[in-house]
Protein chains: 2
Amino acid sequence: MLTELFLKGRLRQNLSPEETGALEASVRRTLTVPPRKQLIERGQRIDNSYYLVEGSMLRYVDNRRGERQLVSVAIPGDFVDLHGYPMKRLDHAVGTLTACVLAEVPHPAVTQLIEKFPHLGRAMWFSTLLDGAMHREWIFRLGSLNAESRIAHLLCELMTRLRFVEMFDGRNFPIPLLQRDYAEACGITPVHANRSFKSLRERGALILQGEGRIEILDEALLVKLAEFEGDYLYGSGDLQLSEMTDY
Amino acid sequence: MLTELFLKGRLRQNLSPEETGALEASVRRTLTVPPRKQLIERGQRIDNSYYLVEGSMLRYVDNRRGERQLVSVAIPGDFVDLHGYPMKRLDHAVGTLTACVLAEVPHPAVTQLIEKFPHLGRAMWFSTLLDGAMHREWIFRLGSLNAESRIAHLLCELMTRLRFVEMFDGRNFPIPLLQRDYAEACGITPVHANRSFKSLRERGALILQGEGRIEILDEALLVKLAEFEGDYLYGSGDLQLSEMTDY
DNA sequence: CGAGAAGTTGACGCGGCTCAAACACCGTGG
DNA sequence: CCACGGTGTTTGAGCCGCGTCAACTTCTCG
């Protein structure tokens, strides 16, 4: 079941066996990509989308000085560039963070999927809108928080999302973002990211183990520092997409 | 033709007469809303979406100190909270900037629309993804630019979008955002927004006429300061959604 | 003519940037 | 075996962009 995590991590509802079967069948092939490799550049036309089975990926835009601004971190279960299906080209670059296993889904297959299963189509629409919600919170992070809180906020989001796909044990943070990645995500310099991590360490919130390995010690403290409210991830049971199928 | 601007501003392609007729017919009523009035609060469940016919609106999230972070500025032709159709509740607040005329579209009507016109459904999906693209650029703005460039970048985006709906004459900027609104959009204080505008004025980029009225003098200079590349608005003729209908 | 909202400006402090150096760890090759 | 370079992390010193606090002006409207 390649797409099993898609359900847990992104769709927020159950699909019928026919729908999951059709989704599974629309995968043309799977491929393995080495770490830190750019797959798509800004402006590139695409006619496949990639579902992330294993590993983690980054989406980013570059400014004219070659500096990178991260806009998204993808984890297993994310349909990384499904928005490329309606948009036809991407306004940002996509690359791997770690080695990744990807499932390739051709856009014509998506068209067939959603025409045959309109309900699945709305679910896929929803999954692309979750990116929008996460982008909005990313804007909040950059516009309203200081450096230390920005990092805490990003960690909180990722911990919450990782729990959806059962990839976080409460201590060992499984995404090996380097300090310069946090800097590029949070709009600060790597030096200042380091100082912010030092402060988080001194507060007892986490332990750094080098090369992006982080051990979480006090999640509640991170949530408090970040003013984190996870409702924007639409994970609560009583507000699921399935309610809309009543229409 | 209430929804005429939707085509120009958001859909980036042509619709058939049947499609536009059905879209038009799905409007239950139009309503007028006074300026600076909040319509929807974060977390609120919705079962209508609003298409903006006239005026301008803001979308924002609040932090726990009551400070406001803008995440979007809506102009005529925008389907302000169409993403609320698949999501069922909003993760942000929505309010008017000026007095607005809104067209109310019930969500069940949207379901009927997209089931009868799958092509229109994909077009509406696209229009919600345009928000995502603008959000990403908003992240870039906050994460990679200084205060003066952030304001310039926001102005550039809005000028470009206003041109799509033929609402910008090249001089008089028709959205009366106050300096504190620019501050809330750009993650700076109102005082510093004022100093940044002063700098833009001294460069000869624009003239401030009070109460949010701005006259644009040197658009090229603003584009340069902002490192603005408008391709993310998907306005270029050769990359329109219509190409995907080949599938 | 008083009150409030928007804009403007100055003085001062702090958060984050820049430049620089040093340290830890690892894989490679002599 | 150790020397070595590369990468990631850590820390210090000094500076600057932006925040804070406060005063003042202008305009509008009651």
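In this text, all values refer to a predicted model and were calculated from it rather than measured experimentally. For the numbers below, each heavy atom of this structure counts, side chains included, while hydrogens, waters and symmetry mates do not.
Distances shorter than 4.0 Å separate none of the side-chain N or O atoms of Thr189(B) from OP1 or OP2 on dC18(D). Dashed line: the shortest gap from a side-chain N or O of Gln179(A) to OP1 or OP2 of dT10(D) is under 4.0 Å. When the side-chain nitrogen and oxygen atoms of Asn194(A) are compared with OP1 and OP2 of dT9(D), none of them lie within a distance under 4.0 Å.
Heavy-atom distances under 4.0 Å link DNA chain D to no residue of residues 140-152 of chain A.
Across the protein-nucleic acid pair, Ile207(B) atom CD1 and dT8(C) atom P stand 13 Å apart, rounded to whole Å. The CD-C1' distance, from Gln209(A) to dC25(C), rounds to 15 Å in whole Å. Put simply, CD on Glu211(A) is 11 Å from C1' on dG6(D), counting in whole angstrom units. Nucleotide dT9(D) holds its P atom 9 Å from the CZ atom of Arg213(A), rounded to whole Å. Atom-to-atom, CG of Leu178(B) to P of dT26(D) comes out at 20 Å; the value is rounded to the nearest Å. The interatomic distance linking Leu177(B) (CG) with dA5(C) (C1') rounds to 17 Å, in whole Å. One can place NZ of Lys198(B) at 15 Å from P of dC18(D), the figure rounded to the nearest angstrom. Note: CZ (Arg195(B)) to C1' (dC21(D)) measures 11 Å, nearest angstrom.
By the 4.5 Å heavy-atom criterion applied to side chains, Ile188(B) and Tyr182(B) are not counted as neighbours. Side chains of Val27(B) and Tyr51(B) form no contact here, defined as non-hydrogen atoms less than 4.5 Å apart. Asp231(A) has its side chain within reach of Arg42(B): a pair of non-hydrogen atoms, C-beta onward, lies under 4.5 Å apart.
Between the side chains of Tyr60(B) and Gln69(B), not a single donor N or O lies within less than 3.5 Å of an accepting N or O. For Asn146(B) and Ser149(B), the side-chain atoms include at least one donor-acceptor pair closer than 3.5 Å.
Here Arg36(A) lies out of heavy-atom contact (under 4.0 Å) with every strand.
Out of dC18(D), dT9(C), dT11(D), the shortest distance to the side chain of Val191(A) is found at dT11(D).
Using the six-membered ring where Trp is involved, His83(A) and His92(A) have ring planes that are parallel, under 30° apart on the 30 and 60° scheme. Ring planes of His153(B) and Phe228(B): perpendicular class, angle over 60° (limits at 30 and 60°).
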